[in-house]
Amino acid sequence: MENFIVREDGLYLNDEPFKLLSGAIHYFRIPREQWYRSLYNLKALGFNTVETYTAWNLHEPKEGVFDFSDRLDLKAFIELAQSLGLYVIVRPSPYICAEWEFGGLPAWLLTKENIRIRANDHVFLQAVERYYQELFQILTPLQITHGGPIIMMQIENEYGSYSEDKTYLRQIKALMEKYGADVTLFTADGAWQATLRAGSLLEDKILATGNFGSHAKENFTALKAYQEKLGVKQPLICMEFWDGWFSRWGEPVVKRDQAELLAALREVLTLGAGVNLYMFHGGTNFGFMNGCSARREHDLPQITSYDYGAPLNEAGEPTPTYYAIKELIGEMYPKLEQREPLVEKTLKVSDIKLTGQVDLFTCLEQVSEKYDSQYPQSMEALGSGYGYVLYRTQILRDKLTKERFRVIDARDRLGFYLDGEHVTTQYQEEIGEDIEVKLPNETGRLDILVENMGRVNYGSKLLANTQRKGLGRGVMADLHFILGWQQYVLNFDKLTAVDFTGECVKDRPSFYRYEVELAETGNCYLDLSGFGKGIALVNGHNLGRFWQKGPQLALFVPTEFLKQGKNEIVIFETEGIYQTKLNLVERPIYKHIEEDAQ
């Protein structure tokens, strides 16, 4: 049986010095069928380790209900890595950041009254323990101490950028050990004293690693200085070497200069440190899993693509950066075995025709679950937490002139409809402003379609009220709240029940169906540059969000989501902007956005 040990002077595998060359691949962001190619291409680079987070919100989508199947089969991913000769670093902390919805925390946690996440809070830790009971049944037998490939596991993620509750950190460590963790445990934080003091457990001799993308000498000097301050000596590891960055809606795509990246990576390696490329293959925020960052009180949702500018692009293809890093590794470590990477064929199909359309109000009962209540309920309370909810009520006319309505504390985007006609759309910037409308009849039907555009994944706002999605405190007519609500939680798994030959009224949120016969499949991108805002599904697979605001104008379609023969594409679009024909293209499409447009 192999052994992995961390000593003062370095990492040792089977009592021999071990140079950690790792790359991040998130199994949950990549179709299962494409894991092999991504892992193989990591090994072909000359690397020896793969690193991944675990996504609690996917593995426990409803409280007490667990899913480790298909794309979430963590055991299969780890065993596949081992079969390719890769060791594995797992980061099973409850919170992962990762530009992932709510940092990987399940939305149902927000239904717990007065819960304090990432803290020594009984309710939160009880939920973590239930998750760990399931998760470590998979992880424990796969540790190197049990004949598996896992060499290290993380306790918490960048905790020093959030809080300083060491009792909480020790509780998480204790839970991991209770359920079988016996490999090297570590923390990962910014490599300066404030974050290390708050987020590491160096005083307990737990390995502290640093996260950064440049200035390695400066960062490692700060890390060593803090080690010395506590009388601890540990090897240097950059657990997240940021080789790119994420992008947000309405902002330019973030790109990193290749020469600068290579110089920064060379600096890390020259200092003798272990490194984990974050990311090696970024993948996709399928469904509603994109995260959100914040600038003061303003939330900034991130795009569907998690390409990240990584060595493998969103589709898993080697980029010029991949080959440049391969050359650098070959130069610095000439004895390492390197191979040619695997590539996947691409697909291009034009003029896919619209075969049916129907507006949301016409098919609402078929594509949703309905809940009644006096007061509007949050998305989390309705058992969903993601996507869209349509809130419906009846309103009375109080005057012959225009009535005034206000929506209080809704998040994140709403469409306001009176008797099926669009009145206005409000985003977080406008929600709460007056909506003036004249009621033609004594009574009217008010529909408000609310979209959760993504919870924050990092920083101080993880428990802000803005992370509870839905209609907020409700709708005011004049100076009073309206009661008596019907809530329709949209469920896109029910699209098979929809009649696409129904009514389709202009300016209503609508479903558009397209069909295409394919003789062969391949990776491609669905061109949505002629659409407004919404989501796209291919053969029932939710590709994620699109928005004409940009920068992303096409969604990645893995070859595994397609099939030979008839394929169905359904677009749910909320702005009334659509095309009668679709194209599948071979490359992503991005809109040029000026820097000063942010």
Side-chain angles (χ1 to χ4, degrees), residues 1-25 38-53 74-75 77-92 136 138-155 173 176-177 180-188 202 205-211 216 220 223-224 227 232-241 265 268-278 280 325-326 328-339:
M1 187 177 295
E2 294 188 302
N3 66 77
F4 178 83
I5 300 171
V6 178
R7 298 175 181 160
E8 289 186 353
D9 61 338
L11 308 176
Y12 287 81
L13 180 69
N14 302 325
D15 300 318
E16 295 291 332
F18 179 73
K19 178 68 176 181
L20 179 66
L21 295 173
S22 176
I25 302 174
S38 296
L39 290 165
Y40 181 94
N41 287 345
L42 178 62
K43 184 71 174 177
L45 198 63
F47 278 39
N48 52 36
T49 305
V50 61
E51 175 269 314
T52 186
Y53 285 120
L74 176 60
K75 180 175 184 285
F77 179 79
I78 294 172
E79 288 178 338
L80 180 59
Q82 184 178 26
S83 74
L84 287 166
L86 291 166
Y87 296 97
V88 180
I89 296 172
V90 180
R91 302 167 79 180
F136 278 84
I138 295 169
L139 296 181
T140 295
L142 292 172
Q143 297 173 108
I144 196 169
T145 46
H146 298 251
I150 298 174
I151 56 174
M152 292 196 290
M153 285 196 279
Q154 177 177 269
I155 295 173
K173 174 178 177 289
M176 294 174 71
E177 292 173 337
D182 56 11
V183 292
T184 296
L185 302 181
F186 68 92
T187 58
L202 264 172
K205 305 297 189 296
I206 297 297
L207 178 65
T209 66
N211 294 350
F220 281 139
L223 177 56
K224 287 173 68 176
Q227 290 177 0
V232 176
K233 186 176 180 182
Q234 296 179 339
L236 300 176
I237 298 175
C238 180
M239 188 52 66
E240 289 186 17
F241 177 80
L265 179 57
V268 172
L269 297 173
T270 301
L271 290 169
V275 68
N276 176 53
L277 298 182
Y278 189 98
F280 174 70
I325 292 175
K326 185 180 179 186
L328 174 64
I329 297 298
E331 172 204 328
M332 297 189 70
Y333 308 101
K335 293 184 180 180
L336 287 181
E337 180 188 356
Q338 294 185 314
R339 309 169 193 164

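Hydrogens, waters and symmetry mates are skipped; everything else that's a heavy atom, side chains included, is used.
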Completion exercise
side chain to side chain contact (heavy atoms under 4.5 Å, CB included) with Ile144: of Asn14, Asp182, Val183, Ile150, only one passes, and it is Val183

Problem - Check: Gly180 main-chain N/O paired with Gln143 side-chain donor or acceptor under 3.5 Å - result: yes

Practice task
Please name the pair of heavy atoms, one in Ala216 and one in Val268, separated by the smallest distance, quoted to 0.1 Å.
Solution key: CB-CG2, 3.5 Å

Handout entry: Gap separating the CZ atom of Phe280 from the OG atom of Ser22, nearest 0.5 angstrom
Key = 10.5 Å

Handout entry: side chain to side chain contact (heavy atoms under 4.5 Å, CB included) between Lys224 and Leu236, intermediate numbers included
Key = CA-CA 8 Å; Lys224 287 173 68 176; Leu236 300 176; 3.6 Å; yes

Practice task
Decide yes or no for Phe4 and Thr184: does some side-chain heavy atom of the first lie under 4.5 Å from some side-chain heavy atom of the second?
Solution key: yes

Problem - For Pro17 against Tyr12, the heavy-atom pair lying closest together - result: N-CD2, 3.6 Å

Completion exercise
Looking only at heavy atoms, the pair that brings Gln227 and Gln234 closest together is OE1-N, 3.3 Å

Exercise for the section: Heavy atoms only: give me the nearest Lys19-Gly274 pair and the separation to one decimal. Expected result: NZ-N, 4.5 Å

Problem - Gap separating the NZ atom of Lys326 from the CG atom of Asn41, nearest 0.5 angstrom - result: 9.0 Å

Exercise for the section: Please tell me if the side chains of Ile329 and Phe47 come closer than 4.5 Å, counting only heavy atoms from C-beta onward. Expected result: yes

Exercise for the section: Say whether, by atom type as modelled, one donor and one acceptor occur between the side chain of Thr209 and the main chain of Thr187 under 3.5 angstrom. Expected result: yes

Fill in the blank from the handout: Residues Pro235 and Gly10: closest non-hydrogen pair is CB-CA, 3.7 Å

Fill in the blank from the handout: d(Cys238 SG, Leu20 CG) to nearest 0.5 Å is 10.0 Å

Problem - Non-hydrogen side-chain atoms of Asn3 and Ile5 separated by less than 4.5 Å - result: yes

Problem - Ion pair check, Glu240 and Arg91, cut-off under 4.0 Å - result: yes

Problem - Contact check, side chains of Met176 and Ile155, non-hydrogen atoms, under 4.5 Å - result: yes

Handout entry: Under 3.5 Å: donor-acceptor pair, side chain of Gln82, backbone of Gly147
Key = yes

Exercise for the section: Could you check if a side-chain atom of Met152 sits within less than 4.5 angstrom of a side-chain atom of Thr49, using non-hydrogen atoms only? Expected result: no

Exercise for the section: Measure the shortest side-chain to side-chain distance between Leu21 and Val275 over non-hydrogen atoms and say whether it is less than 4.5 angstrom. Expected result: yes

Practice task
With the side chain counted from C-beta on, respond yes when Arg339 and Lys43 share a heavy-atom pair under 4.5 Å apart, and no when they do not.
Solution key: yes

Completion exercise
Scanning both residues in full, the closest heavy-atom pair of Asn276 with Ala24 reads OD1-N, 3.5 Å

Practice task
Would you kindly say whether Glu2 and Tyr87 are connected by a side-chain donor-acceptor distance under 3.5 Å?
Solution key: yes

Practice task
Report the distance from atom CD1 of Ile78 to atom OG1 of Thr52, rounding to the nearest 0.5 Å.
Solution key: 8.0 Å

Handout entry: Ile151 side chain near Phe18 side chain, heavy-atom distance below 4.5 Å
Key = yes

Practice task
State whether the side chain of Asn48 and the backbone N or O of Leu86 hold a donor-acceptor pair below 3.5 Å, judged by distance alone.
Solution key: no

Practice task
Mark yes or no for whether Gln338, through its side chain, and Leu45, through its backbone, hold a donor-acceptor pair below 3.5 Å.
Solution key: yes

